K.L.:
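To start, I am sharing the structure in question, which I have written as structure tokens.
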Amino acid sequence: MAAKLKTKITLGVAFLFTLLLLVGGTGFYYLNKSTTEQRDILTDNYETLEYARGMLQAMDNWSEDPKNKKILFEKNLEGQEGNITETGEQALTKQLRAHFNGYLSRPDSLGLEAAIRNDISGIMQVNLTAIDTKNKKFSQNSESAKFVIMLLLTICVLIGFTFVFNFPGYIANPIVKLTEGIKAVAGKQYGQRIHLNRTDEFGQMASAFNIMAEELDKYEHSNLAKILFEKQRAETVINSLKDASIGIGKDGTILFANLQALQLLSLKETDVVGKEEKKLHAQNDLFRFLLDNQGSQPFKIVVDGKEQFFNKETADISNEEGSLGRMIVLKNITPFKELDVAKTNFIATISHELKTPLASSDFSLKLLEDERVGPLNTEQKELVQHLKSDNQRLLKILSELLDLSQVESGKIQLHISAVDPKLPLQRALESVMAAAQKKGVELKKIIAENIPPVKGDEEKMAWVLINFLTNAIKYSPENTVVSTEVSHPGNGNIIFSVSDQGKGIAAEHLQKIFDRFYQVPGTGKAGTGLGLSISKEFIEAMGGQTGVTSQPGLGSRFWFSLPAA
């Protein structure tokens with residue numbers, strides 16, 4: 001079984017500790033040996049020399065104090081007899097004892113004194129020779145110990161240095177390789193592999209890393225293939241769209257543009273997809289127009305020398321996590337525009353052609369009413385009156401259709417000037433006075449003081465006011481009041497309003513009241529549903545706005561505003 005990394009580290013530390021113990025133990029051994037040898041020299045030889053010196057001192061001047069000299073000599077001799085350590089020292093000591101005993105009986109014997117001194121000198125010489133021999137041996141042992149310690153220390157230093165130099169790398173190098181591998185995988189380099197010829201934890205980690213990288217590589221390639229497939233499918237779907245479509249991410253990057261959009265932009269896919277919105281905004285006029293134009297009106301683009309009309313729609317792209325961006329769709333409405341122009345021309349032509357015979361028949365009806373042509377009986381007069389009413393209604397419808405054709409064709413002829421607000425109001429009131437009197441409706445006029453002139457077309461302003469007043473009279477009960485008001489709220493606009501006391505309009509119909517051909521359900525009144533729509537077109541063409549406020553049972557208030565001159 002392979003040793004674990006923890007075991008290897010423990011063994012490495014134990015190895016260093018063993019080297020430390022070996023060097024320390026060897027040094028301690030030789031130091032202790034040296035100390036022992038020195039102590040032996042002191043104990044064995046230097047004490048003998050001290051005893052010999054004491055005995056020589058006792059022999060000196062023996063006659064002066066024989067008693068104390070004897071005691072001193074005996075003491076040192078006994079010490080010497082107990083410290084015999086060298087070869088030949090025992091015989092000399094015995095000989096010294098014999099000569100000393102003889103000297104005690106004959107203290108005046110010079111021969112014995114000389115023999116004693118000669119014995120002491122012999123003992124000293126033996127110990128001095130032993131000291132010299134031991135010193136030489138001690139020196140040799142010291143040199144040997146120094147050599148052994150230095151050799152051992154050198155070996156341990158070399159081994160320790162090699163261990164210290166290699167062991168951290170043994171631990172750190174796999175970590176470095178693993179770190180590099182992890183960074184490579186983090187950078188999506190899934191082909192990265194780590195090869196460690198080891199069976200410990202690092203080897204296991206390397207094997208696990210290689211397995212992980214291999215699985216990630218498989219997953220990446222499978223995902224990449226899937227993503228490429230989905231990308232191709234999405235591009236196919238986008239390019240199959242009949243409408244020009246451009247996708248913009250929330251970071252302002254162009255995500256896609258189908259073939260129709262590229263054709264309109266006169267750009268290649270590589271010039272659009274992946275580019276920044278701001279950069280393309282500065283380089284392409286059409287793209288800049290699509291981003292800057294927030295209106296919903298159709299616009300014209302010349303493609304291959306032919307005029308085409310488009311509507312722009314903007315849709316948000318989002319998922320569960322939130323917004324991903326937006327998509328601009330250009331709907332080609334050229335066929336519808338052509339049909340609309342044909343319809344407008346047809347309406348204008350038919351309306352103009354029908355207006356002439358209707359005007360002629362209206363003149364004929366007036367002649368029939370003239371007594372000079374011939375008297376009519378009561379029934380004939382009623383028939384003529386019915387025909388005249390129908391004729392007037394048809395003429396009004398044709399006039400509205402002609403006005404509508406002008407609006408749709410963009411050929412509204414406006415004569416903008418500074419107009420006194422009282423003039424179009426007075427003109428409108430005079431036009432509807434007969435109808436109001438016939439129904440018993442009182443017309444009330446309110447004009448603010450010091451009101452400035454209004455910037456607009458007097459005839460079109462009067463037309464709109466007549467339309468508002470006609471509707472107010474039509475939907476007002478008898479014997480009620482229809483109020484007209486001209487005000488100047490101080491925001492640079494002049495406001496014209498017409499209020500009635502009719503049954504009002506429900507809230508769900510207010511937003512559609514100015515749409516073409518729209519009529520509030522349940523009114524029971526005949527009409528084309530074009531008057532309010534044409535009024536709105538006229539006012540907006542003059543730079544103004546229209547609106548209505550109403551509540552069921554409380555009447556309605558129609559208004560329009562134009563800038564002051």
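In this chain, residues are counted from 1 in sequence order. Remember, it's a predicted structure, so these values are computed and weren't measured experimentally.
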K.L.:
Check the surroundings of atom CD in E540: do more than 12 heavy atoms from other residues, nucleotides or ligands lie under 6.0 Å from it?
P.N.:
yes
K.L.:
Which atom names give the shortest non-hydrogen contact between E277 and R326, and what distance separates them?
P.N.:
OE2-NH2, 2.7 Å
K.L.:
Between NZ of K278 and CG of L280, what distance do you get to the nearest 0.5 Å?
P.N.:
14.0 Å
K.L.:
Flag the pair L443 / T484 as yes when at least one side-chain heavy-atom distance between them is below 4.5 Å, and no otherwise.
P.N.:
no
K.L.:
Table please: side-chain donor-acceptor pairs of residues 426-435 below 3.5 Å, with sequence neighbours left out.
P.N.:
unit_1, atom_1, unit_2, atom_2, d
Q426, OE1, K445, NZ, 3.0
Q426, NE2, E430, OE2, 3.3
S431, OG, R427, O, 2.9

K.L.:
Can you name the nearest heavy-atom pair linking Q501 to S476, along with the distance?
P.N.:
N-OG, 4.1 Å
K.L.:
Locate the shortest heavy-atom distance separating M327 from S245; write the atom from each residue and the value.
P.N.:
SD-CB, 4.4 Å
K.L.:
Can you tell me how far the CG atom of L510 sits from the CD atom of Q551, to the nearest 0.5 Å?
P.N.:
9.5 Å
K.L.:
Calculate, to the nearest 0.5 Å, the distance between atoms CG and CG belonging to L532 and N471 respectively.
P.N.:
5.5 Å
K.L.:
What pairs with P552 under side chain to side chain contact (heavy atoms under 4.5 Å, CB included), at least two apart in sequence or on another chain?
P.N.:
none
K.L.:
Is there a donor-acceptor pair under 3.5 Å between the side chain of H488 and the backbone N or O of I495?
P.N.:
no
K.L.:
Check the surroundings of atom CD in E276: do more than 12 heavy atoms from other residues, nucleotides or ligands lie under 6.0 Å from it?
P.N.:
no
K.L.:
I need the I451 CD1 to S487 OG distance, nearest 0.5 Å.
P.N.:
6.5 Å
K.L.:
Specify whether F558 and F514 have parallel, tilted or perpendicular ring planes, treating 30° as the upper limit for parallel and 60° as the lower limit for perpendicular.
P.N.:
perpendicular
K.L.:
Can you find a pair of side-chain heavy atoms, one from V454 and one from F496, that are under 4.5 Å apart?
P.N.:
yes
K.L.:
Checking side chain to side chain contact (heavy atoms under 4.5 Å, CB included) for the pair K183/T179: CA distance, chi angles, key distance, verdict?
P.N.:
CA-CA 6 Å; K183 289 181 178 179; T179 303; 3.9 Å; yes
K.L.:
Taking atom CD1 of I494 and atom CE of M461, what is their separation to the nearest 0.5 Å?
P.N.:
9.0 Å
K.L.:
Where is the tightest heavy-atom contact between P421 and P453, given as atom of each residue plus distance?
P.N.:
CD-CA, 4.1 Å
K.L.:
Excluding sequence neighbours, so at least two apart, what forms side chain to side chain contact (heavy atoms under 4.5 Å, CB included) with K268?
P.N.:
T270, D271
K.L.:
Do the side chains of P424 and V419 get nearer than 4.5 Å, heavy atoms only?
P.N.:
yes
K.L.:
Do F287 and L267 pass the side chain to side chain contact (heavy atoms under 4.5 Å, CB included) test, and can you show the C-alpha distance, the side-chain angles, and the key distance before you say yes or no?
P.N.:
CA-CA 11 Å; F287 189 77; L267 294 173; over 6 Å; no
K.L.:
Just by modelled atom types, is the K474 backbone N or O under 3.5 Å from a matching donor or acceptor in the K439 side chain?
P.N.:
yes
K.L.:
Search all heavy atoms of Q545 against all heavy atoms of W559 and return the closest pair with its distance.
P.N.:
O-CZ3, 3.9 Å
K.L.:
Got a donor-acceptor contact below 3.5 angstrom from the S556 side chain to the S499 backbone?
P.N.:
no
K.L.:
Apply side chain to side chain contact (heavy atoms under 4.5 Å, CB included) to residues F289 and I301 and explain how you reach the verdict.
P.N.:
CA-CA 11 Å; F289 170 79; I301 302 176; over 6 Å; no
K.L.:
Is there side-chain contact between L425 and V486, with at least one heavy-atom pair below 4.5 Å?
P.N.:
yes
K.L.:
For D500 and V482, indicate whether the former's side chain and the latter's backbone hold a donor-acceptor pair under 3.5 Å.
P.N.:
no
K.L.:
Taking all heavy atoms of P563 and all of G543, pick out the closest pair and write down the distance.
P.N.:
CD-O, 3.9 Å
K.L.:
Is a side-chain N or O of N284 found less than 3.5 angstrom from the main chain of L265, in a donor-acceptor match?
P.N.:
yes
K.L.:
Output the distance between atom CZ (F560) and atom CZ (F468), rounded to the nearest 0.5 Å.
P.N.:
6.5 Å
